[in-house]
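Here's the structure we're looking at; comments come further down.
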2 protein chains.
Amino acid sequence: MDQSICPRFEKAISIMNKRWTTLIIYQLLEGSQRFCEIESSIGVSGRVLSERLKDLEKEGIVKRSVYDETPVRIEYSLTSKGESLKPALDQIQSWAENWIETSE
Amino acid sequence: MDQSICPRFEKAISIMNKRWTTLIIYQLLEGSQRFCEIESSIGVSGRVLSERLKDLEKEGIVKRSVYDETPVRIEYSLTSKGESLKPALDQIQSWAENWIETSE
DNA sequence: GTAATCAACTTACTTTATGTAAGCAAGTAT
DNA sequence: ATACTTGCTTACATAAAGTAAGTTGATTAC
């Protein structure tokens, strides 16, 4: 390990590399969503989703908002740090459109 | 799971999401490299590196070249499919530069 | 008013992925 | 002959993710 790689890049990758993280962010780029909406739209298990949302909150990428209605409503949305990942995800998307075959 | 996400994007993410994959590609963007160079530059274990390189070869992202010298030299490089991930990685890098703190 | 249902989780347990370390074949260096 | 290097593979241990059931508080259905 001679650590020649930019530590900020490595940190970014270590966040995005965790399974589901990128899809969660991608989904939240559409607007704020509730737990079960994210769960069903990307097919992640509740166990892991709960874990990831906490991680992403800690990283300042996702914000958890509690609306004190009855019943209480909880929504997850991106912070500006999270929103600013859009260009990166857009690039991945356009790469996918150019290079990934549909039939698999 | 109602599968509303673009399947190409999902495929792309499933490739990049595997641990070390993105760092391996990032490293190969510098030019072709040998097994042990990649291993020591990013700190991945040989076991996983071997696995990843095979996956990436299957996906057509990495090319394995055997130079029949003595001793034989084996180099890994990016195909054009692999090279074209550069803009995406560049975007991640610039996000990291703007939003990731060094002191952690 | 009791049963069933939903949201947002958590807990317990199983399976898969990754890490660690050692081993191996072919060659080189001393 | 012995030790060392590259490019791996194998066996085993630990960590992460999947599955399914359970929890709390409130809502609706009958």
Side-chain angles (χ1 to χ4, degrees), chain A residues 1-3 5 10-11 13-28 30-59 61-78, chain B residues 1-5 10-11 13-28 31-59 61-78:
Chain A
M1 249 205 277
D2 59 39
Q3 206 62 15
I5 282 184
E10 253 194 300
K11 180 72 197 303
I13 291 302
S14 79
I15 295 168
M16 299 184 65
N17 243 349
K18 302 201 101 182
R19 199 164 183 184
W20 302 110
T21 301
T22 314
L23 288 179
I24 292 167
I25 294 168
Y26 181 82
Q27 199 59 26
L28 290 179
E30 309 275 302
S32 68
Q33 290 185 31
R34 308 180 66 162
F35 193 92
C36 65
E37 289 178 308
I38 305 172
E39 197 176 7
S40 64
S41 64
I42 66 179
V44 63
S45 70
R47 193 198 140 290
V48 174
L49 179 55
S50 158
E51 203 174 291
R52 284 300 173 277
L53 288 170
K54 274 177 199 158
D55 295 346
L56 289 169
E57 237 193 301
K58 252 183 221 151
E59 295 296 343
I61 290 170
V62 161
K63 182 165 182 290
R64 181 180 193 267
S65 310
V66 180
Y67 297 96
D68 205 1
E69 309 163 353
T70 50
V72 70
R73 183 166 50 96
I74 295 167
E75 298 220 322
Y76 294 91
S77 57
L78 295 175
Chain B
M1 246 205 277
D2 61 37
Q3 207 62 17
S4 58
I5 282 184
E10 253 194 299
K11 179 75 198 301
I13 291 302
S14 79
I15 296 168
M16 300 183 65
N17 243 350
K18 302 201 99 179
R19 199 166 183 182
W20 301 112
T21 301
T22 313
L23 288 178
I24 292 167
I25 294 168
Y26 182 82
Q27 200 59 27
L28 290 177
S32 67
Q33 290 186 32
R34 308 179 65 162
F35 192 92
C36 67
E37 289 177 307
I38 305 172
E39 197 176 6
S40 63
S41 64
I42 65 178
V44 62
S45 70
R47 192 199 141 292
V48 174
L49 179 55
S50 158
E51 204 175 291
R52 285 299 173 276
L53 288 170
K54 275 177 198 157
D55 295 346
L56 289 170
E57 237 193 302
K58 253 183 222 153
E59 296 295 342
I61 290 169
V62 161
K63 182 166 184 290
R64 180 178 192 268
S65 309
V66 180
Y67 297 96
D68 205 0
E69 310 164 350
T70 50
V72 70
R73 182 167 50 96
I74 295 165
E75 298 220 323
Y76 295 90
S77 57
L78 295 176

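Proteins come first, then strands; the chains are lettered A, B, ... in the order of their sequence lines, and each starts at number 1. All values reported here derive from a predicted model rather than from experimental measurement. Computed over heavy atoms, backbone and side chain alike; hydrogens, waters and symmetry mates excluded.
- Separating the CD1 atom of B:I24 from the C1' atom of D:dG7 is a distance of 15 Å, rounded to the nearest angstrom.
- Taking CD1 of A:I42 as the reference point, atom CD of A:E37 lies at 12.0 Å (rounded to 0.5 Å).
- Remark: A:Y76 is in phosphate contact with C:dC9, judged by side-chain N or O atoms under 4.0 Å from OP1 or OP2.
- Remark: side-chain polar atoms of A:R19 are not paired, donor with acceptor, to backbone N or O of A:V44 under 3.5 angstrom.
- The interatomic distance linking A:R73 (CZ) with D:dA26 (C1') rounds to 16 Å, in whole Å.
- Counting heavy atoms from C-beta on, the side chains of B:I61 and B:T21 never come closer than 4.5 Å.
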* Report, as a single string ordered 5' to 3', how protein heavy atoms within less than 4.0 Å touch nucleotides 15-23 of chain D: B base, S sugar-phosphate only, - not at all. => --BBB----
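- Taking 4.5 Å as the limit, every side-chain heavy atom of B:S77 sits out of range of all side-chain heavy atoms of B:E75.
- Between A:L49 atom CG and C:dA8 atom C1' the separation is 10 Å, expressed in whole Å.
- The distance from atom CD of B:E57 to atom P of D:dG7 is 14 Å, rounded to the nearest whole Å.
- Side-chain atoms of B:Q27 do not come within 3.5 Å of backbone N or O of B:S41 as any donor-acceptor pair.
- Of the candidate nucleotides D:dT27, D:dC8, C:dG27, D:dT27 has the atom nearest to the side chain of A:P71.
- Separation of atoms CD (B:E39) and OG (B:S45) is listed at 7.5 Å; rounding is to 0.5 Å.
- Here A:K11 pairs with A:E59 in a salt bridge; the nearest charged N to carboxylate O distance falls below 4.0 Å.
- In this structure, CG of B:D68 is placed 14 Å from P of C:dA26, rounded to the nearest angstrom.
- Look at A:S50 and you'll find a side-chain N or O under 4.0 angstrom from OP1 or OP2 of C:dT10.
- The side chain of A:R64 places an N or O atom within less than 4.0 Å of a non-bridging phosphate oxygen (OP1 or OP2) of C:dC9.
- A:I74 places its CD1 atom 18 Å from the P atom of C:dC6, with the value rounded to the nearest Å.
- When rounded to the nearest whole Å, the span between CD of A:E75 and C1' of C:dA8 equals 13 Å.
- Summarising the geometry, the separation between CD on B:E39 and P on D:dT6 is reported as 9 Å, rounded to the nearest angstrom.
- Residue B:R34 places no side-chain N or O under 4.0 Å from the OP1 or OP2 atom of D:dT6.
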